[in-house]
There are 2 protein chains.
Amino acid sequence: MTIRQMCDAFGVTPRTLRFYESRELLFPERRGQQRLYSRADRARLTLILRGRRFGFSLEQIRQLLELYDPAERNITQTEAALGAARERLADMEQQHRELGEAMSELRQQIADGELWLNNLKSDA
Amino acid sequence: MTIRQMCDAFGVTPRTLRFYESRELLFPERRGQQRLYSRADRARLTLILRGRRFGFSLEQIRQLLELYDPAERNITQTEAALGAARERLADMEQQHRELGEAMSELRQQIADGELWLNNLKSDA
DNA sequence: GGCCAGGTTGACGTGCACGTAAGGTGCGAC
DNA sequence: GTCGCACCTTACGTGCACGTCAACCTGGCC
């Protein structure tokens with residue numbers, strides 16, 4: 001898959017893909033100068049974009065990706081990656097809870113606003 | 001409440017509070033040059049900080065705060081704010097779902113990593 | 001009056017995640 | 001051959017959310 005196909009498929013720019021590569025988040029093969037993205041690269045990009053939506057930094061995402069990466073597996077590295085992953089998971093769980101609470105509050109506020117609006121309109 | 005008491009209570013810096021004020025997120029009263037924060041200001045700051053944790057921009061937060069603000073209530077403004085709030089809520093719901101899925105995947109990956117680690121250790 | 005802690009306002013600096021412009025390369029179509 | 005297009009690298013620019021620093025009040029205490 002060329003860089004353009006990747007961009008079209010994921011809705012990102014070439015600049016973004018090259019930037020991710022410079023930060024060691026993606027490692028496409030090279031045919032001469034051209035980048036070629038494999039199925040694994042597409043899976044990684046999916047994870048990267050998801051992580052970004054959750055507010056994780058590219059560096060945090062890079063560390064998480066090590067957990068998915070079967071290469072360079074030794075005990076200390078895996079243990080470090082596991083520790084980082086557990087911390088991220090705890091963050092995500094707290095964020096998940098707080099997001100649920102915030103959604104409830106926002107729904108309540110919306111309902112209040114709608115009620116207020118209907119009262120105003122029925123008066124008129 | 002002075003700026004220092006606010007900072008201690010919310011774990012932010014004076015710079016942050018003045019910055020929020022410059023972006024019209026907070027409107028503390030003035031006793032001479034000093035800022036004085038009311039109960040309403042503290043409630044607004046709570047909402048601001050929560051919004052920030054969910055990745056909303058300060059501008060988005062400012063628009064949402066209009067929904068909470070009982071001043072300057074007219075129909076078109078409230079309807080616009082309600083529309084924005086519904087869009088944000090939809091974003092939050094999607095983010096909530098995706099975050100749940102990502103947590104499941106990450107838990108699975110952690111379990112895999114732990115299993116692999118235990119196998120390696122029991123071999124040794 | 002002297003002085004200091006704590007407040008104030010700009011103005012500039014920083015880290016992140018890219019965007020953008022400049023100039024060069026490879027390659028198939030005509 | 002050369003035109004055009006897509007790709008490449010390098011370097012600088014941008015927007016956001018603040019941090020940092022300089023310079024200046026201001027009230028309270030000795």
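The sequence lines fix the lettering, A, B, ..., with proteins before strands; numbering per chain opens at 1.
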Original post:
With sugar-phosphate meaning primed atoms plus P, OP1 and OP2, does B:Arg52 contact a base, only sugar-phosphate, or nothing at under 4.0 Å between heavy atoms?
Top reply: sugar-phosphate
note: B:Leu58, atom CG; D:dG15, atom C1'; distance rounded to Å ~ 12 Å
Hey, does the side chain of A:Arg18 come within less than 4.0 Å of D:dC8's phosphate (OP1/OP2), counting only N and O? yes
note: A:Leu36, atom CG; D:dA6, atom P; distance rounded to Å ~ 17 Å
Rounded to whole Å, the CD-C1' distance (A:Gln60 to C:dC16) equals 12 Å
Side-chain atoms of B:Arg15 come closest, of C:dT8, C:dA11, D:dT9, to C:dA11
Between the OH atom in B:Tyr37 and the CZ atom in B:Phe10, the distance rounded to the nearest 0.5 Å is 11.0 Å
When rounded to whole Å, the CD1 to P distance for the pair B:Ile48 and D:dA17 reads 12 Å
A:Leu17 atom CG is separated from C:dC18 atom P, nearest whole Å, by 10 Å
Rounded to whole Å, CD of B:Glu59 lies from C1' of D:dC16 at a distance of 12 Å
**Request:** For atom CZ of B:Arg31, decide whether the heavy atoms of other residues, nucleotides or ligands shown that lie under 6.0 angstrom number more than 12.
**Result:** no
ask   = Counting N and O atoms only, with roles assigned by atom type, does the side chain of A:Arg52 sit under 3.5 Å from a partner on the main chain of A:Phe56, one being a donor and the other an acceptor?
value = yes
| request: Can you check whether any acceptor in the base of C:dG6 is under 3.5 Å from a donor in the side chain of B:Arg4, or vice versa? | output: no
Any donor-acceptor pair under 3.5 Å linking the side-chain atoms of A:Gln109 with those of A:Glu105? no
Separation of D:dC16 atom P from B:Arg23 atom CZ, nearest Å, is 6 Å
Result for 5'-nearest mapping on DNA chain C, choosing between A:Phe19 and A:Gln34, is A:Phe19
What's A:Arg31 touching, base or sugar-phosphate or nothing? Going by heavy atoms closer than 4.0 Å.
nothing
### Phosphate OP1/OP2 of C:dA17: any A:Arg62 side-chain N/O under 4.0 Å
no
Quick one: is B:Arg35 getting a side-chain N or O under 4.0 Å of the C:dT9 phosphate, OP1 or OP2? yes
Exercise for review: Report yes if some heavy atom in the side chain of A:Met103 is under 4.5 Å from a heavy atom in the side chain of A:Gln108; otherwise report no.
Suggested key: no
According to a strict under-4.0 Å criterion, is B:Thr16 in side-chain N/O contact with OP1 or OP2 of D:dA17?
no
Taken to the nearest whole Å, CD/A:Glu21 to C1'/D:dC8 is 11 Å
### Message
If the cut-off is 4.0 Å, is A:Tyr20 near the phosphate of C:dC18, judged by side-chain N/O to OP1 or OP2?
### Response
yes
